[in-house]
Trainee: 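I have a structure here, written as structure tokens, and I will follow up with some questions on it.
So that the names make sense, note that chain A is the first sequence line, chain B the second, and so on, each numbered from 1.
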Amino acid sequence: MSKEITSREQDYSQWYNDLVLKGGLADYSAVRGCMVIKPYGFALWENMRDVLDKMFKDTGHQNAYFPLFIPKSLFEAEEKNAEGFAKECAVVTHYRLKNDTANPGKLMVDPEAKLEEELVVRPTSEAIIWNTYKGWIQSYRDLPILVNQWANVVRWEMRTRLFLRTAEFLWQEGHTAHATREEAIAETQKMLEVYADFAENWMALPVIRGVKSANERFAGAEDTYCIEALMQDGKALQAGTSHFLGQNFAKAFDVKFSDRENKLEYVWATSWGVSTRLIGALVMAHSDDSGLVLPPRIAPLQVVIVPIYKGDEQKAKIDERVLPLIQELKAAGISVKYDDSDNTRPGWKFAEYEMKGVPVRIAIGARDLENNVAEVARRDTKEKASVSLDGIASHIKTLLNDIQEQIYNKAKAFRDANITPVNTWDEFVSVLDNKSGFVSAHWDGTGETEEKIKELTKATIRCIPLDNPQEAGTCILSGKPSTQRVLFARAY
RNA sequence: CGGGAAGUAGCGCAGUCCGGUAGCGCACCUGGUUUGGGACCAGGGGGUCGCAGGUUCGAAUCCUGUCUUCCCGACCA
């Protein structure tokens with residue numbers, strides 16, 4: 001089967017779909033808007049999950065698990081949050097099916113099994129968690145509560161895209177409770193930094209740390225912090241969010257604690273999450289027209305070895321040299337696969353592993369053995385080099401680190417080259433239409449202006465960068481005075 | 001949810017207008033030759049034509065409904 005990939009230039013959306021499908025990450029399913037994550041894609045997610053999970057635990061968090069279903073009355077308790085999600089909630093109304101007597105062999109919803117109270121399938125878990133926290137918290141001695149859960153959530157999206165926006169997706173959601181405002185804000189910022197660290201150092205994805213405008217804020221939050229990444233087509237993608245929830249949920253669920261002076265106070269809250277959407281970001285940030293390009297630190301498979309031989313005798317000699325090499329690489333903590341299957345030829349394997357984004361390929365043939373070398377090819381640049389078999393394991397280890405760094409540097413150079421400061425409306429529109437990427441511009445700080453800009457250009461404020469330099473200027477649309485630039489972009 | 005397109009073997013497609021034995025390439029199986037960028041020869045298997053109704057002697061083909069996907073829009077943390 002030939003697996004041609006649509007080029008980015010020809011059709012960026014189709015290129016993305018081709019990569020996800022042909023790279024073996026995911027498949028469509030029989031359920032509208034829901035995808036099947038295939039073993040290779042799930043292995044990638046597991047690697048990401050494991051790293052993040054360790055980071056959460058290293059910062060004092062513990063995992064727990066809360067129910068998938070949320071009684072409607074709990075869900076609606078925090079009004080803004082409920083309102084924000086209401087339009088995309090799946091709702092369970094019945095608990096039983098029965099045989100359809102009018103239609104033999106078919107089932108129907110049993111009208112007598114209607115639920116007394118409908119259950120909302122969680123689009124996020126603040127409600128059920130804060131309802132639970134009420135029972136866990138009495139005194140300041142019970143705080144902080146630092147809990148995370150790995151879960152699936154459902155948001156009934158109108159238009160879905162593999163990994164980027166699906167009706168059901170996997171994520172983690174951290175939910176913490178604190179005695180003071182300051183501590184909660186510090187937690188929000190700390191977790192944002194964990195996300196940024198993960199994105200940059202593991203996914204090789206440069207991100208901008210920032211705060212959302214009021215319009216883009218999480219429903220029910222006082223402040224939403226985010227990391228924003230730039231894709232190769234110049235569109236921005238929100239890669240993670242961390243919310244300072246103030247006392248909104250504590251008030252909605254009546255969660256109070258006695259402080260040291262025995263005064264009753266409402267608890268301060270945060271929540272933060274990243275999802276399988278990160279896989280979409282990974283694909284779009286690094287890959288090329290030959291397939292996926294995965295950063296070595298989270299690639300499901302770091303090295304593939306392809307033998308090239310004529311006849312069993314040569315194959316045996318190659319095995320003799322390769323098997324110890326595999327042990328050596330594994331001992332160095334490198335994941336490796338020896339693809340000596342005989343049903344495809346080397347050229348096919350080369351193309352296949354390029355499609356799957358395996359960072360390093362080693363090809364070994366009879367000629368190489370004579371010269372005590374192997375051909376080492378790196379996926380990111382497709383450069384090939386002849387490398388001595390003596391000490392090749394340490395060479396590979398260095399190479400993997402180098403690839404990780406190069407991928408990051410390349411993405412960062414692209415990102416930095418696509419943050420364009422503008423001072424006039426004409427420039428603003430022109431950059432969005434002709435260059436795209438982030439546009440750094442003055443904004444008067446009002447929701448009305450932001451909304452108007454969105455209507456006119458489809459660009460939204462992605463974030464107000466943290467540590468943003470303050471400078472006097474005038475809003476590109478309204479001309480009103482502004483104290484700082486913010487980042488606009490068209491986004492996923 | 002609106003507009004457009006598509007669904008026929010695992011994948012990519014032809015056949016549909018004009019109803020009459022379901023085809024091609026790749027993949028798969030067997031045997032052989034091969035193996036440094038998607039090998040070749042010979043033989044072989046596999047499809048209730050997305051699903052459900054309808055029209056007809058007869059439906060992949062015509063009609064109705066429905067599901068899934070893609071593109072564009074609306075919506076979206």
Trainee: Partner of B/C75 by Watson-Crick or G-U wobble geometry, both contacts under 3.5 Å, or none?
Mentor: none
Trainee: NA contact type, A/Q238, heavy-atom cut-off 4.0 Å: base, sugar-phosphate, or nothing?
Mentor: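 Contact class for A/Q238: sugar-phosphate only.
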Trainee: Within residues 299-310 of chain A, find the residues that approach RNA chain B with a heavy atom at under 4.0 Å, and present them sorted by residue number.
Mentor: A/I308, A/Y309, A/K310
Trainee: Applying the salt bridge (Lys or Arg N to Asp or Glu O under 4.0 Å) criterion to A/E354, which one of A/R379, A/R361, A/K349 satisfies it?
Mentor: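 One option only clears the test, and that one is A/R361.
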Trainee: Quick check for you: among B/C71, B/C1, B/G38, whose closest atom lies nearest to any side-chain atom of A/R161?
Mentor: B/C71
Trainee: Tell me: NZ of A/K349 to C1' of B/G36, nearest whole Å?
Mentor: 13 Å
Trainee: A/E157 CD to B/C1 C1': how many Å, rounded?
Mentor: 13 Å
Trainee: Could you let me know what B/U64 is paired to, Watson-Crick or G-U wobble, both distances under 3.5 Å, or none if it's on its own?
Mentor: B/A52
Trainee: According to a strict under-4.0 Å criterion, is A/R159 in side-chain N/O contact with OP1 or OP2 of B/C72?
Mentor: yes
Trainee: Would a 4.5 Å heavy-atom cut-off, applied to side chains only, mark A/D288 and A/R8 as touching?
Mentor: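 Heavy-atom side-chain distance check passes, below 4.5 Å.
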Trainee: Looking at B/A42, which nucleotide sits across from it as a Watson-Crick or G-U wobble partner, both distances under 3.5 angstrom, or is there none?
Mentor: B/U30
Trainee: Determine: side-chain N/O of A/K454 to OP1/OP2 of B/C75, distance under 4.0 Å, yes or no.
Mentor: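 Answer is no, no contact under 4.0 Å.
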Trainee: Which base, if any, makes a Watson-Crick or G-U wobble pair with B/A9, both distances under 3.5 Å?
Mentor: none
Trainee: Would you kindly give the CG-to-P distance between A/D342 and B/C29, to the nearest whole Å?
Mentor: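 After rounding, the gap between these two atoms is 12 Å.
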Trainee: Is any side-chain heavy atom of A/P296 closer than 4.5 Å to one of A/I407?
Mentor: yes
Trainee: Round to the nearest Å and state the distance from A/D27 atom CG to B/U69 atom P.
Mentor: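 Taking atom P of B/U69 as the reference, CG of A/D27 is at 12 Å.
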Trainee: Under the side chain to side chain contact (heavy atoms under 4.5 Å, CB included) rule, what do A/N418 and A/K435 come out as? Steps first, then yes or no, please.
Mentor: CA-CA 8 Å; A/N418 285 284; A/K435 182 181 175 184; 3.6 Å; yes
Trainee: Hey, which of A/F428, A/W443, A/F438 is the one that makes ring pair (Phe, Tyr, Trp, His ring centres under 6.0 Å) with A/F488?
Mentor: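 The option that passes is A/F428.
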Trainee: Do any side-chain nitrogens or oxygens of A/Y353 fall under 4.0 Å of OP1 or OP2 in B/G37?
Mentor: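 Result: no.
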Trainee: Using 4.0 Å as the upper bound for N to carboxylate O, is an ion pair formed by A/K317 and A/E370?
Mentor: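 No, this pair does not count.
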Trainee: Is A/N17 near enough to B/C71 that one of its side-chain N or O atoms lies under 4.0 angstrom from OP1 or OP2?
Mentor: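 For B/C71, OP1/OP2 do have a side-chain N/O of A/N17 under 4.0 Å.
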Trainee: Check the distance between B/C70's C1' and A/W15's CH2 and give it to me in whole angstrom.
Mentor: 17 Å
Trainee: Which residues pass the ring pair (Phe, Tyr, Trp, His ring centres under 6.0 Å) test with A/H61, not counting sequence neighbours?
Mentor: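 Ring pair (Phe, Tyr, Trp, His ring centres under 6.0 Å) list for A/H61, sorted by chain: A/W272.
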Trainee: Is the distance from OP1 or OP2 of B/G38 to the nearest side-chain N or O of A/R345 less than 4.0 Å?
Mentor: no
Trainee: What residues, two or more places apart in sequence or in another chain, satisfy side-chain contact (heavy atoms from CB on, under 4.5 Å) together with A/A127?
Mentor: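 By the side-chain contact (heavy atoms from CB on, under 4.5 Å) rule, A/A127 matches A/I70, A/F253.
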Trainee: Have a look at A/G240 and say if it touches a base, only the backbone sugar-phosphate, or nothing, with a 4.0 Å heavy-atom cut-off.
Mentor: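 It contacts nothing in the nucleic acid.
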Trainee: Looking at A/R32, I'd like to know whether one of its side-chain N or O atoms comes within less than 4.0 Å of OP1 or OP2 on B/U68.
Mentor: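 So the side-chain polar atoms of A/R32 do come within 4.0 Å of the phosphate oxygens OP1 or OP2 of B/U68, strictly under.
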Trainee: In Watson-Crick or G-U wobble terms, both distances under 3.5 Å, what is the partner of B/G58?
Mentor: none
Trainee: Across all strands, who's sitting opposite B/U16 as a Watson-Crick or G-U wobble pair, both distances under 3.5 Å?
Mentor: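 B/U16 is unpaired by these criteria.
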Trainee: Using purine N1 to pyrimidine N3 plus N6-O4 or O6-N4 for Watson-Crick, or N1-O2 and O6-N3 for G-U wobble, both under 3.5 Å, which nucleotide pairs with B/U35?
Mentor: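 Paired with B/U35, as far as the under-3.5 Å criterion goes, is no nucleotide at all.
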Trainee: Taking atom P of B/U35 as reference, at what distance in whole Å does atom CG of A/D339 sit?
Mentor: 18 Å
Trainee: Round to the nearest Å and state the distance from A/R165 atom CZ to B/C75 atom C1'.
Mentor: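 Going from CZ in A/R165 over to C1' in B/C75 covers 9 Å.
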